[in-house]
Amino acid sequence: MCPEINGADNRCNETRIYTPPFDRPTARFTALPTAASGYTVATVTADYDGYKDTASDVHTVSPSTTITPNDEGEKIPGNPIIPPNTKLSDYLTKELSVDRINKIHLDLWWAGRPGNIHTLHAQKMMKRDITISENIELHLVWFDSTIFIKPLPAWILDYDFYQKHICSNEKLYLLANGWLVSYTKLVRYPSDFDIAMELKLLPSGMTWDSWCVLSYKLQKELNDDCTKVNKRYYYGELRLPRLNHIYRFLRGFSVYQNVYRQYDHFFSKNFAWLLLLVVYLSTILSALQVVIGIQDTSEKLMGFSYWVGLLSVALILFFVAVQLLLFIVIFVYHFAATVKNLEKEKMGWKLEPERVKSAILGRQFTSVKRTGPLPKGSRD
């Protein structure tokens, strides 16, 4: 993904001029008079290294994407609701910022794998419920059979808006690029596009032809250059329970996101293992009681009951041992695969002993020491 940086490489300190990672359409989105149908039309003509697409009515933008000004007089595609007295830069920062994930970047190996993003149709194949979340911190975060995905707004696909308000801010630029790259992996086939449009993950009026052109350009510009995306998007899907573990044990007993709103859900999910333990213990104690209580019966029945009781205890202990062994084997296999993948991608992941000690003592970290190589040009 991102090669190591050497001492002579000073590109991270260079002043860079950013441009949108996609081309300007030949006709921009413009709002029609209110007396009209409310729809606008744009034409896209693109020719990228042999990929030729010339289509009329590629973008048919619904009234929900009308361009309207905010308090600062700035025209915002998509007509988002911005609280009064809120600067546009603050709004964009809130919509794009993933600081809480980046704070635990070195620990994300525990929650997911680099670049691991399944297409939308694959999410359906895995019986996952795709849930819309407008919180970018939950984008591609999953638990149980639910995965959260943040829809793409109209403003992030508007060339002039992107150039003026996003390219001028390096942090926003890296964040927006990473978000767009994630969609090139979510939507790869017409079936994915149909799911995205059905769930309104893409702006209304988008067509498969226009998405192919846009996706091709985004992949060409961003996929092989980690200096143009935020480090959160080095990783793909992240497990919410693992994120909560990282925050709970390394960040002072807090949680990343609480998904339980009722006590019965919390206890049934986190303490179901107690029921299994009670069943095991009850079976063992009943068998031992039978063994100990055998006195006033025939010798053959006593012998039979005695060995049945011991066999019951032995079987329970055997199955417990098998379960523990199976868990250890699966854990070690996935841990080794994760480490191998991280080393292949040249990403840091190891925990410092001081961090583990501090977590055990309940102290929160204010600084993190990198133990792995720094991806070339990586930025927060």
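Source: prediction; values computed, not measured.
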Distance from L218 atom CG to W179 atom CH2, nearest 0.5 Å?
13.0 Å
Ignoring hydrogens, what is the shortest heavy-atom contact between C167 and P20? Give both atom names and the distance.
SG-N, 3.4 Å
Do the side chains of I147 and I130 get nearer than 4.5 Å, heavy atoms only?
yes
Can you tell which of Y18, Y233, Y162 makes a side chain to side chain donor-acceptor pair (under 3.5 Å) with N177?
Y162
Aromatic centroids of Y235 and H105 separated by under 6.0 Å
yes
Ignoring hydrogens and geometry, is there a side-chain-to-backbone donor-acceptor pair from D90 to T86 under 3.5 Å?
no
Treating T93 as the side-chain partner and S89 as the backbone partner, does any N or O pair qualify as donor plus acceptor under 3.5 Å?
yes
Any side-chain heavy-atom pair of C212 and Y216 under 4.5 Å:
no
Could you go step by step and tell me if Y159 and D23 meet the side-chain contact (heavy atoms from CB on, under 4.5 Å) rule?
CA-CA 7 Å; Y159 185 92; D23 290 336; 5.6 Å; no
Could you walk me through whether L186 and I149 satisfy the side-chain contact (heavy atoms from CB on, under 4.5 Å) test, starting with their C-alpha distance in whole Å, then the side-chain angles of each, then the deciding distance to 0.1 Å, before giving a yes or no?
CA-CA 10 Å; L186 287 169; I149 297 179; 4.2 Å; yes
Where do E137 and Y256 land on the side-chain hydrogen bond (donor to acceptor under 3.5 Å, both in side chains) test, with the steps shown first?
CA-CA 9 Å; E137 299 270 14; Y256 181 78; 3.2 Å; yes
Show your reasoning for whether side-chain contact (heavy atoms from CB on, under 4.5 Å) applies to D160 and D158.
CA-CA 6 Å; D160 289 335; D158 184 272; 3.8 Å; yes
Quick one: do D107 and R242 make a salt bridge, cutoff under 4.0 Å?
no
Of all the heavy-atom pairs spanning I166 and A176, show the shortest one and how long it is.
CG2-CB, 3.9 Å
Would you give the length of the straight line joining atom CG of L138 to atom CG of L240, rounded to the nearest 0.5 angstrom?
7.0 Å
How far apart are the C-alpha atoms of H139 and S182, what are their side-chain angles, what is the distance that settles it, and do they pass the side-chain hydrogen bond (donor to acceptor under 3.5 Å, both in side chains) test?
CA-CA 9 Å; H139 182 59; S182 71; 3.0 Å; yes
Short question: side chain of K150, backbone of S133 - any donor-acceptor pair under 3.5 Å?
no
Would the number of heavy atoms belonging to other residues, nucleotides or ligands and lying under 6.0 Å from CE of M126 be above 12?
yes
Locate the shortest heavy-atom distance separating Y173 from T19; write the atom from each residue and the value.
OH-O, 3.1 Å
Which heavy atom of L199 sits nearest to which heavy atom of I132, and what is that distance?
O-CD1, 3.0 Å
Hits for side-chain contact (heavy atoms from CB on, under 4.5 Å) against S215, two or more places apart or cross-chain, chain-then-number order -> T184, W211, Q219
Ring pair (Phe, Tyr, Trp, His ring centres under 6.0 Å) with H121: which residues, sequence neighbours excluded?
Y189
About how many Å separate CG of N169 and CG of L175, when rounded to the nearest 0.5 Å?
8.5 Å
Run through K231, R232, K171 and flag the one making a salt bridge (charged side-chain N to carboxylate O under 4.0 Å, His left out) with D99.
K171
Face-on cation placement of R239 at W142 ring, 6.0 Å and 45° thresholds:
no
What closest approach, in Å, do Q257 and N244 show between heavy atoms, and which atom pair accounts for it?
N-OD1, 3.0 Å
Any heavy-atom pair between the side chains of L140 and F148 that's under 4.5 Å?
no
Taking all non-hydrogen atoms of both residues into account, name the closest pair between R248 and V255 and its distance.
NH2-CG1, 3.2 Å
How many angstroms lie between CG in L157 and CG in L180, if you round to the nearest 0.5 Å?
6.5 Å
Please determine whether side-chain contact (heavy atoms from CB on, under 4.5 Å) holds for the pair I76 and L88, giving the CA-CA distance in whole Å, both sets of side-chain angles, and the decisive distance to 0.1 Å.
CA-CA 9 Å; I76 307 172; L88 181 56; 3.8 Å; yes
Ion pair present between R113 and E237, side-chain N to carboxylate O less than 4.0 angstrom?
no
In this structure, CG of N102 is separated from OG of S97 (nearest 0.5 Å) by 7.5 Å
Is the ring pair F161/W155 parallel, tilted or perpendicular, if the boundaries are 30 and 60 degrees?
tilted
